[in-house]
Every structure is written in C-alpha cells, then in structure tokens.
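The chains referred to below are lettered A, B, ... by the order of the sequence lines, with proteins before strands, and numbering in each begins at 1.
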2 protein chains.
Amino acid sequence: MNDGGSGGGRPKRADARRNEESLLEAAAALFVTSGVAVPVREVAARAGVGTATIYRHFPTRADLIIAVYRHQVEACAEAGPALLASAPTPYVALERWIDRFVDFLVTKHGLADVLRSDNAGFEALHAHFLDRLVPVCAQLLAAAAESGEIRSDVEALQLMRGVGNLCIGADDDPRYDARRLVALLVAGLRHTAR
Amino acid sequence: MNDGGSGGGRPKRADARRNEESLLEAAAALFVTSGVAVPVREVAARAGVGTATIYRHFPTRADLIIAVYRHQVEACAEAGPALLASAPTPYVALERWIDRFVDFLVTKHGLADVLRSDNAGFEALHAHFLDRLVPVCAQLLAAAAESGEIRSDVEALQLMRGVGNLCIGADDDPRYDARRLVALLVAGLRHTAR
DNA sequence: GAGCAACCGGAACACCGTCCCGTTTGACGA
DNA sequence: TCGTCAAACGGGACGGTGTTCCGGTTGCTC
C-alpha cells in the first residue's frame, strides 16, 4: 500500500507515512480494548491526528481493519498448507486450521460481528479476508474429501462464513462457547453414522 | 402488557391503547421492508405519533421487537411438543423444529443480527425469546439424547445461539445458505462414524 | 361540565460518521 | 541556504440517528 521510498514512482511524504504508522498503532491498541467498532474520533485522538487524516489514509473502517490485521491473516493463510503436511490426516489438519481461524476471530473483540455484513462498506474487508483464506480452506476441504473423511458437497466460502458467524459475540458471554459449536459444525461435515 | 379493560386494575387510556396498536402495526410493516433496525422516527411517523410516544410504550427497541413477534415465538414454542409427538424419532423432531426456528429468523430481515448481542439493551429480547424457546429446545435435545440418536453434552442455550448466529446475514447474500449450515451443525450432534 | 392526571408531539440534546476549507509543512530545485 | 508549491493536515460543519425534556392536549371521573 505504501512504499518505503527505495524503488517506487512517487514516494509518500515523511509525515504522511509517520501518521499512517501512528494510526495503525493507535487502532491496534484500541481494537483490543474497545473492539473494532471504536469511534473514529478516538482513534484519531490517540494517534494525535485530525479526524480527516484517518479518512485520507483509510477511506473506510474496513481498510483500517485490513491493515491492522493483514499480517495475522497472512500467517493464518500460510498455516493451511503447513498443517496439511504435518497433520496425521487431512481432516485433522482442517480441524486444526479452523481452530486457528477461530482463535484469530475470538481474540479480536467484535471482529466477527463486522466480518459478517455485506451490506455496509465492509465488502472490501470481506473480499480481502475471504480471498486470502477461502482458497486455503478449499484446499483443506478438498484434501479431506478426497481422503474420504468428509462429505464433498460443502463449499469453503459457506464453511468460512458459518464459522465466522458462530464466533460472533463469543467474547462477551462466558456461557457461549464458539469453539465448541464450530467443532460441532466441522463434525457435521463427517459422514453420518448409519 | 396491556389489558383490554375487562379484568385488570388500572385500564389504559383509550388513545394510549390506540397508539400502541398503531405502533405495533407500523413496526410490523416496516420490519418487513426495512428490517428491525429501522429508524425510530420512521416507525413513529408511519404510526402518526411523536418520537417520544414510541419510547413511552416501548422503552427499548427490544421491547418493540418482542411485542411484534410475540405470537410467532409463541407458535414456535408450541410446535416443539407437537413435533415431538408426530415425528418418527426425537431427532427428526429436533431437525424439524430447528428448521422452523430458522424459518422464523430468516424471514425477518436482520432479526438474527440483533438477537445475538448481549452488550446492548437487547438482553430483554434475548431473555424473552430464549426463556420461551430454550426449554422447548432442551426438551427436544433430551428426548433425542435419550433415544441414543445424539450426544448429550450440548446445552440447548448453546445450540440456540449457534443456530441464531448462523442465520445472521442469511437474507442478503444468495450464496450463503444458513439452512444448510444449520443442518450441518445439527448433524454434528449425532455420534460420529468411527 | 370541571378538574386532574395521563398522555402526546415536536423540539432539543448528544453522539457518530463524513466532508470541506483554510492553514501548515515537507520535498526539491535554484 | 532558501523560496516555492503541492501534499497533507486539523478542526469544525453537516447530516442522520437515538434519547430526553417540556409545554400543551385530551380522555377519564366525579
């Protein structure tokens, strides 16, 4: 999104890059304490910039969220093939990868809440996250299907959205165990006992 | 909540009852077209009353939603025992009842979106809906567990919330099939093939 | 028909996201 | 080193939404 200044065509101004960094830092901190829906003004205030600046760097809230969690999503995506290689069976790899994805969602207050919506301007967020992760999930699903462990008529996108939805509200109600329900959902993929 | 006037202690004034009716009617209509998150002013305007009036009758949005859907929730609750009696096995009854619950959620735009939140003032809504439906669900679960069809370590509250969550955003994305995922979740309750 | 309390409507307030405009400041060439 | 100018900035203005307050109105009762 930005370039350090070495190669590119039109390097950003130094203060602009500094502000972008400040905003990312402030957002990351506030996301932890107040959730991803924290008011724009708060992020701007904490970063020591004006409200307009945040829009200049991150036109929508989704852009900010993407930027903050980009590397974590990347790590999750890369974990897919690794798990497939290391786990005893593809199904186990799928289980573990989904578990990791759940971890990612649950530890970010309210991330799942916002991941769901298509209607808002969150399509960008949706697009980025899913574009990166759905293929990984699809690979795991295909492997597990081919090994005969699970049914083959469920698409990765569906599964991911289902998992995402199940994680909504997971962190503000101790009686609700998202991980448990996700495990149930994944178990539902297996061929039923008959 | 109100009394027609026959039995009770302190009958409401006629205009108040008229307004409450108007509000319910307006809300029901707008919920269908604009979802349950329709602005308060719109409901008030359509009912031909002031904004304060809506707060007088329904202090929170949850109260309004409860009032609008009260009889449908009731019908759903009553369907539980009926299905248990008519279905071939308790598990099938559970399947059908859950399906009915999903119908209820999906046909109301955005109802599930709001059903999830504990943080807001939606606890009342949560409380009412769940208080009424969880016991029914628990009964079905217990019956299916006793007949040996499903595992017995999943609580009704968990299942209901999971189903509710899976229904979020079901009506604004044709590629997302909540019913399908819920079926998967319910299938996950069965004992795994080994 | 009069009095009173319940009730009403709309304006006022608070909060949030978004956009605009006058000002500042970093980068670069002279 | 210094002047120039576009990029970037900040804070305030705007529109929309939920919530509350207050003066006026209206139904009920005696």
Quick test of your reading: applying salt bridge (charged side-chain N to carboxylate O under 4.0 Å, His left out), list the pairs with at least one residue in [range], sequence neighbours left out, ordered by first then second residue.
range                       : result
residues 77-99 of chain B   : none
residues 124-149 of chain B : B/Glu74-B/Arg132
residues 45-55 of chain A   : none

What string of B, S and - do you get for nucleotides 6-13 of chain D, 5' to 3', when a contact is any protein heavy atom under 4.0 Å? BBSBBBBB
Enumerate the residues from residues 24-32 of chain B whose closest heavy atom to DNA chain C is under 4.0 Å, giving them by residue number; use none for an empty result. none
Taking every non-hydrogen atom, the tightest pair across A/Ile54 and A/Ala44: CD1-N, 4.4 Å
Could you walk me through whether B/Ser22 and B/Asn19 pass side chain to side chain donor-acceptor pair (under 3.5 Å), step by step? CA-CA 5 Å; B/Ser22 297; B/Asn19 278 335; 4.9 Å; no
Spacing of B/Tyr55 atom OH relative to D/dT20 atom P, expressed in whole Å: 7 Å
Which residues share a ring pair (Phe, Tyr, Trp, His ring centres under 6.0 Å) with A/Tyr55, sequence neighbours left out: none
Using the test ring pair (Phe, Tyr, Trp, His ring centres under 6.0 Å), find all partners of A/Tyr176 that sit at least two apart in sequence or belong to another chain. none
Could you give the start and end, 5' to 3', of the contact zone on DNA chain C for chain A, using atoms under 4.0 Å from its heavy atoms? C/dC16 to C/dA27
State, to the nearest 10°, the angle formed by the axis through the first five base pairs of the helix from C/dG1-D/dC30 to C/dA30-D/dT1 and the axis through its last five. 0°
Flag, side chain of A/Thr107 to backbone of A/Asp103, donor-acceptor distance under 3.5 Å: yes
Is any side-chain heavy atom of A/Phe104 less than 4.5 Å from a side-chain heavy atom of A/Val73? yes
Residues in side chain to side chain contact (heavy atoms under 4.5 Å, CB included) with B/Pro39, at least two apart? B/Glu42
Partners passing side chain to side chain contact (heavy atoms under 4.5 Å, CB included) against A/Glu21 (at least two apart in sequence or in another chain): none
Distance-only criterion, 3.5 Å: show the donor-acceptor pairs between side-chain atoms of residues 23-30 of chain B and protein atoms not counting sequence neighbours.
none

